[in-house]
Amino acid sequence: MDKDRVAEVLSEIGVLLELKGENPFKSRAYANAARAIQTLEEPIEKLVAENRLGEIKGVGEGLQEKITILVQTGRLPYYEELKASIPAGLVEMLSIPSLGPKKIKALHDRLGISTIEELEAACKAGKVAGLDGFGEKSQAKILEGIEYRRQYASRHLLSAALEVAEPILAELRARKDVTRCDVAGSVRRYKEVIGDVDFIVSSEDADAVIECFVTRPGVMSVSAKGSTKASVILPGGIQADIRVVSDREYPFALAYFTGSKEHNIVMRQRAIQRGLRLNEYGLFRSQVETRDPNLCLPCATESDIYAALGLDYIPPELREDKGEFAAAEGHALPRLIELKDIRGSLHNHSNWSDGLNSIAQIASTMSKRGFEYWAITDHSKSSFQANGLDAKRLKQQVEEIKRVNESLAEKGLKFRLLCGTEVDVLRDGKLDFDDEVLAGLEIVIASLHVPAGSEAENTRRLVKAAENPFVHIIGHPTGRLLLEREPYPVNIHAVIDACAETGTWLELNCSPYRLDLDWRLWPQAKSKGVKCAIGPDAHRNEQADWLRLGAGVARKGWLTADDVVNTLDLASLRKALAVKRNRGKR
DNA sequence: GCCGTTTTCGGCCCGACTGTTTTCAGTCG
């Protein structure tokens with residue numbers, strides 16, 4: 001049993017204990033331990049075998065015993081009994097807004113409700129409103145919540161969130177009564193999937209700002225509205241929250257609502273260690289609750305808050321409590337890549353396969369946008385659904401690209417197209433083109449589009465692709481489609497190792513539906529010396545904008561410009577592309 | 001259930017909003 005599964009069991013125990021009405025701190029202890037185990041560097045089996053579980057912060061005697069049983073036998077009777085004692089429907093009910101463990105327990109104990117369907121029926125029959133602690137409004141709210149849950153999974157792509165957030169942000173910033181304004185939350189941290197959008201505003205006229213926020217066109221419903229905060233539902237079912245504070249409080253509110261929750265907990269603890277108290281209103285020289293501005297340390301920006309807690313400024317993307325505190329304390333945070341560092345794209349399609357634009361159109365647009373190079377990497381013949389190219393058409397395409405490049409040179413333009421392919425990795429790990437064909441291209445991406453069922457087989461295929469001297473990049477390495485499809489089973493660690501061994505680059509596919517390889521794996525890839533290629537997988541010219549997502553997610557993976565190959569200028573990129581092929585000749 | 005430079009017992013991050021109360025519990029972020 002690996003650490004992910006152990007963490008899963010522990011965190012589920014935490015949830016079940018909450019529903020049982022156990023001591024909430026006990027439940028939190030399980031959640032904390034689950035998190036600690038998830039971020040372990042070593043295999044959990046090793047820690048168990050060496051009797052070193054106690055070294056994990058948050059794992060005491062009780063949990064050491066349970067984890068040992070779980071790892072050694074693959075089962076945990078305590079967990080199984082607990083799970084059997086609580087109907088699965090109660091856990092599901094936690095996803096209904098306005099319902100938490102206490103209310104769910106009350107509904108179960110007093111009305112015998114065990115499923116969402118029973119809950120819906122009880123609400124419609126008016127039974128819920130009669131319970132102590134419930135009323136007509138809470139009953140209506142539960143029904144609304146069930147409906148909402150049905151209509152929208154309350155999780156959205158980062159790109160969708162940015163799309164709705166940016167016009168609102170611009171509108172708020174343009175107001176005379178708004179001093180500062182930003183998007184906070186998981187959107188600011190560039191999480192690939194988000195739950196809601198948070199706006200933080202500093203203003204002397206909170207009422208006016210909130211009134212504007214809840215009445216602007218596009219607001220579908222208002223779920224809460226107070227004197228300092230409000231929540232609305234936007235098209236697509238995205239919830240947006242606004243929080244209005246004074247300008248003195250602004251940096252504290254921005255930091256607090258940017259999170260993550262785990263990051264904030266450490267920040268608070270650091271404040272406590274220094275005899276201070278941190279919340280969304282300030283960093284106070286006080287052990288007790290206060291809002292006295294005279295007791296607040298002066299901080300005009302988030303940087304000042306970090307400095308006051310003995311830390312370098314931590315960029316929002318890194319605020320996940322995944323090593324940023326140690327690095328910020330030791331002045332060892334990397335200088336993260338920025339969008340402007342990216343000079344071109346190595347994974348794009350044209351109308352020769354399933355893209356929209358012609359090669360000439362692509363050259364014209366990307367040149368005007370200021371890129372230095374843009375690779376044409378259309379699908380290979382096995383992707384017939386995508387009008388993949390066979391060797392003959394590929395050869396014609398290379399000729400066409402040469403002609404376009406010549407005309408660019410005649411105009412004195414620096415921009416160049418690169419000829420390449422996104423070649424399919426086939427069943428036996430072979431590629432959809434022979435090596436002789438690949439040798440005639442400047443750049444080769446190998447992608448698995450039809451995965452096998454087994455992890456071993458998929459891993460074998462990708463490792464074999466990486467070992468091919470003509471393959472530069474492994475494309476969208478896990479094949480996930482966010483909110484739609486899980487990654488195919490693959491031992492990604494083995495693929496990373498194979499890339500490190502062979503000098504193959506891994507793609508950070510920055511299509512908003514993929515963002516694959518996942519940011520959580522980049523620090524590992526980087527530590528092994530694997531370079532990253534950020535590719536929008538563009539099928540139409542405007543999708544060049546997706547590079548912005550790529551840069552953000554690369555930042556989240558702790559990557560610098562040096563770690564990303566498409567920050568190289570064209571001459572250096574060509575040299576880098578030649579390295580692996582020359583290796584193959586040795 | 002965990003943890004400790006005031007502590008081995010008594011804390012555990014903290015505040016706004018909502019709805020049901022008539023001073024507060026539960027939920028949420």
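Values reported hereafter were calculated over all heavy atoms of this structure, with side chains retained and with hydrogens, waters and symmetry mates removed. Sequence lines set the chain letters: A, B, ... in the order given, protein chains first and strands last, and positions in each chain run from 1. Since this is a predicted model, take the numbers as computed values, not measurements.
Partners of A:Glu136 according to the salt bridge (Lys or Arg N to Asp or Glu O under 4.0 Å) rule, which considers only residues two or more places apart in sequence or in another chain, do not exist here. Partners of A:Asp132 according to the salt bridge (Lys or Arg N to Asp or Glu O under 4.0 Å) rule, which considers only residues two or more places apart in sequence or in another chain, do not exist here. With sequence neighbours left out, the side chain to side chain contact (heavy atoms under 4.5 Å, CB included) criterion links A:Val71 to A:Val6, A:Ile44, A:Glu45, A:Val48, A:Ile67. For A:Lys141, the side chain to side chain contact (heavy atoms under 4.5 Å, CB included) criterion is met by A:Ser98, not counting sequence neighbours.
For residues 138-145 of chain A, proximity to DNA chain B is found at A:Ser138, A:Lys141, defined as any non-hydrogen atom under 4.0 angstrom from a strand atom. Using a 4.0 Å cutoff on non-hydrogen atoms, the parts of residues 249-261 of chain A near DNA chain B are A:Tyr256, ordered by number.
Sorted by first then second residue, the side chain to side chain donor-acceptor pair (under 3.5 Å) pairs that include residues 59-75 of chain A, not counting sequence neighbours, are A:Tyr30-A:Lys66, A:Arg75-A:Glu80. The list of salt bridge (Lys or Arg N to Asp or Glu O under 4.0 Å) pairs with a residue in residues 305-314 of chain A, not counting sequence neighbours, is empty. For residues 23-32 of chain A, the set of pairs meeting the salt bridge (Lys or Arg N to Asp or Glu O under 4.0 Å) definition, not counting sequence neighbours, comprises A:Glu22-A:Lys26.
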Would you tabulate the side-chain donor-acceptor contacts of residues 219-237 of chain A under 3.5 Å, counting partners in other chains and residues two or more places apart, or write 'none'?
from     : atom 1 : to       : atom 2 : distance (Å)
A:Ser223 : OG     : A:Ser231 : O      : 3.4
A:Lys225 : NZ     : A:Glu211 : OE1    : 2.8
A:Ser231 : OG     : A:Asp241 : OD1    : 2.7

- A correct 5'-to-3' footprint of nucleotides 6-11 of chain B, with B, S and - meaning base, sugar-phosphate only and no protein heavy atom under 4.0 Å, is ------
I'd like a list of close polar pairs between nucleotides 23-25 of chain B and the protein, N/O only, cut-off under 3.5 Å.
none

